[in-house]
Student: 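Below you'll find the structure I mean.
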Amino acid sequence: MTLFYLFAAIAVSASLLVIAQRNPIYSVLLLIASFGALSGLYVLLDAPFTAVTQIIIYAGAIMVLFLFVVMLLNAHTEAEVTPLTLGPHAMKLGALFSVLLAVEVAYGLSKLNLTAFNTDPTARLAVSDVGKIGTVLFTNHSFAFEVTSILILVAMVGAVVIAGKPRSER
């Protein structure tokens, strides 16, 4: 249980720091830390395939793509923004809406008929068998992987075009 609280605290604090940073490189690195903590939570849930997938796909490929785009666009820091005057009651109104949202979520969750997790050992083995998961992914869902790779390629080409010099300077 101690590991759960440790990984949860790392995930939550790193995620909050992602949006609090002004430097996009630090935000990307903190997002990788958050993904690593989520991977640790998946291991504790006895889902090793999901944990490895989290590290390989998100912390590996997607974060490298983010770093590539951030460095390519040469975005060092966030531009200074003029402070917005919200008025004297803005914080009170924001706190009230936050409490109302929390009450609404709690009410909605209380109306759900949540059951316990499936404790059947054969069901657990079916989910943890990496060979079966790979066979299903690369036979039934291969089109989605190909479309995703084309989408990422187009995004990278778009980032290169946006970061490139204007036609007049070429």
Student: With sequence neighbours excluded, give me every side-chain hydrogen bond (donor to acceptor under 3.5 Å, both in side chains) pair touching residues 36-45.
Tutor: none
Student: Answer with yes or no whether the hydrophobic clustering places M91 together with F97; edges join I, L, V, M, F, W, Y residues whose side-chain heavy atoms lie under 4.5 Å apart.
Tutor: no
Student: Under the ring-ring contact (aromatic ring centres under 6.0 Å, His included) test, which residues partner F138, sequence neighbours left out?
Tutor: F145
Student: Would you mind writing out the side-chain donor-acceptor pairs for residues 47-62 within the sub-3.5 Å range, not counting sequence neighbours?
Tutor:
residue	atom	partner	partner atom	Å
T53	OG1	F49	O	2.6

Student: Test of understanding: with side-chain hydrogen bond (donor to acceptor under 3.5 Å, both in side chains), list the residues that count as partners of S15, not counting sequence neighbours.
Tutor: S34
Student: Does one hydrophobic cluster hold both I10 and L29, with members joined at side-chain heavy-atom distances below 4.5 Å?
Tutor: yes
Student: Please table the atom pairs, donor to acceptor, closer than 3.5 Å between any side-chain atom in residues 147-156 and protein atoms at least two apart or in another chain.
Tutor:
residue	atom	partner	partner atom	Å
T148	OG1	A144	O	2.7
S149	OG	E146	O	2.7

Student: Out of curiosity, does L38 fall in the hydrophobic cluster containing Y5 (side-chain heavy atoms, cut-off under 4.5 Å, transitive links)?
Tutor: yes
Student: Can you tell me how far the CE atom of M1 sits from the CG atom of L44, to the nearest 0.5 Å?
Tutor: 10.5 Å
Student: Go through the structure and list residues passing side-chain contact (heavy atoms from CB on, under 4.5 Å) with L16, not counting sequence neighbours.
Tutor: V12
Student: Does one hydrophobic cluster hold both V43 and F7, with members joined at side-chain heavy-atom distances below 4.5 Å?
Tutor: no
Student: What's the shortest heavy-atom distance between L30 and L17, and which atoms?
Tutor: CD1-CB, 3.5 Å
Student: Would you compute the distance between atom CG of L96 and atom CG of L101 and round it to the nearest 0.5 angstrom?
Tutor: 11.0 Å
Student: List the atom of A8, the atom of L41, and the distance in Å for their closest heavy-atom pair.
Tutor: N-CD2, 4.2 Å
Student: Tell me whether F35 shares a hydrophobic cluster with Y26, the cluster being built from Ile, Leu, Val, Met, Phe, Trp, Tyr side chains joined at under 4.5 Å.
Tutor: no
